[in-house]
Amino acid sequence: MNSKQVALVSGASRGIGAATAHELGRLGYHVIVNYLSDAESAELVVEQIGAAQAIQADVTDEAQVTALVDRVVGEHGRIDVLVGNAHTAAPPYGPLEHVPWEAFTAKMSSELAGIYHLTRRVLPVMRRRRSGRIVYVSATARTSSPGPPSSPLPTSPTPSCT
């Protein structure tokens, strides 16, 4: 088993997740690069980090999360950091009054399911070790204005952390 601290980063094949995985690798963690479908990008992140491995799992699926956490703990004996970063496709952007409730709730429900399943499975691992950190990431990137041209809202990517 690995004595190096282990960080599990969901949604780590690109964007904020990949950047977070790189930083954790730089800090000396063995990084688990979780991804849903882009194995090529996940493997590239692993290559760039070195002390890392890519593991595919849909974090909205409880059985897949259980298998993911069991595999990591089985191979490394620990999970010291969980970064919940996996995101689903954004609902249509625009003024809130034009975003359908179904699109908004589908996105929120899916992302909360991922956080719920990951946290529920990782917490007992951290409690047994009496140590661990959990970080949740929420972000929205815009490629165009979310409102009419006269809208005072920003038009550049604007991550927000909660």
Side-chain angles (χ1 to χ4, degrees), residues 4-62 64-69 71-72 75-76 79-96 98-100 102-123 126 132-147 151 153-162:
K4 196 176 217 182
Q5 287 193 326
V6 175
L8 167 56
V9 182
S10 68
S13 64
R14 61 189 176 90
I16 293 171
T20 302
H22 280 100
E23 181 63 13
L24 288 165
R26 189 188 69 74
L27 292 172
Y29 286 85
H30 180 84
V31 181
I32 306 302
V33 175
N34 165 248
Y35 68 98
L36 176 61
S37 60
D38 192 351
E40 188 177 328
S41 292
E43 289 298 338
L44 179 60
V45 172
V46 166
E47 246 178 66
Q48 294 167 342
I49 294 171
Q53 71 188 101
I55 302 178
Q56 190 281 332
D58 178 350
V59 297
T60 67
D61 182 307
E62 185 176 10
Q64 289 187 44
V65 170
T66 297
L68 168 66
V69 172
R71 178 175 170 187
V72 173
E75 292 177 12
H76 303 281
I79 297 175
D80 300 282
V81 174
L82 167 63
V83 179
N85 174 69
H87 300 288
T88 58
Y93 283 114
L96 183 61
H98 297 296
V99 176
E102 295 77 18
F104 177 79
T105 58
K107 177 176 176 50
M108 296 305 296
S109 178
S110 176
E111 290 181 9
L112 288 173
I115 291 298
Y116 173 80
H117 296 314
L118 283 166
T119 303
R120 190 163 183 249
R121 290 294 297 141
V122 169
L123 269 177
M126 292 178 171
R133 300 285 183 264
I134 299 175
V135 178
Y136 300 135
V137 178
S138 175
T140 301
R142 296 185 187 105
T143 56
S144 63
S145 173
S151 172
L153 298 173
T155 58
S156 61
T158 54
S160 62
C161 297
T162 57

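Since the model is a prediction, treat every value here as computed from it, not as a measurement.
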Per side chain to side chain contact (heavy atoms under 4.5 Å, CB included), V122 is matched among L82, V72, V65 by L82
Counting only pairs under 3.5 Å, give me each side-chain donor-acceptor contact of residues 14-28, with atom names and distances, residues two or more places apart or in other chains.
from : atom 1 : to  : atom 2 : distance (Å)
T20  : OG1    : I16 : O      : 2.8
H22  : ND1    : A18 : O      : 2.8
H22  : NE2    : Q48 : OE1    : 2.8
E23  : OE1    : R26 : NE     : 3.1
E23  : OE2    : R26 : NE     : 3.4
E23  : OE2    : R26 : NH2    : 2.6

Value for CD1 (I79) from CZ (R133), rounded to nearest 0.5 Å, stands at 15.0 Å
In D80, I32, I134, V81, the residue satisfying side chain to side chain contact (heavy atoms under 4.5 Å, CB included) with L8 is I32
OH of Y35 to CD of E43, rounded to nearest 0.5 Å, is 6.5 Å
Here the pair of heavy atoms bringing A12 nearest to V9 is CB-O, 3.3 Å
Heavy-atom nearest pair, G84 first then I115, reads CA-CD1, 3.7 Å
Rounding to 0.5 Å, atoms CG (L36) and OG (S13) come to a distance of 8.5 Å
Heavy-atom closest pair (Y29 atom, K4 atom, distance to 0.1 Å) is C-CD, 4.2 Å
Exercise. Backbone N or O of E62 within a donor-acceptor pair of the T66 side chain at under 3.5 Å?
Worked result: yes
OG of S10 to OH of Y136, rounded to nearest 0.5 Å, is 10.5 Å
Contacts satisfying side-chain hydrogen bond (donor to acceptor under 3.5 Å, both in side chains) that involve residues 50-61 (not counting sequence neighbours) are H30-Q53, Q53-E75, Q53-H76, D58-T60
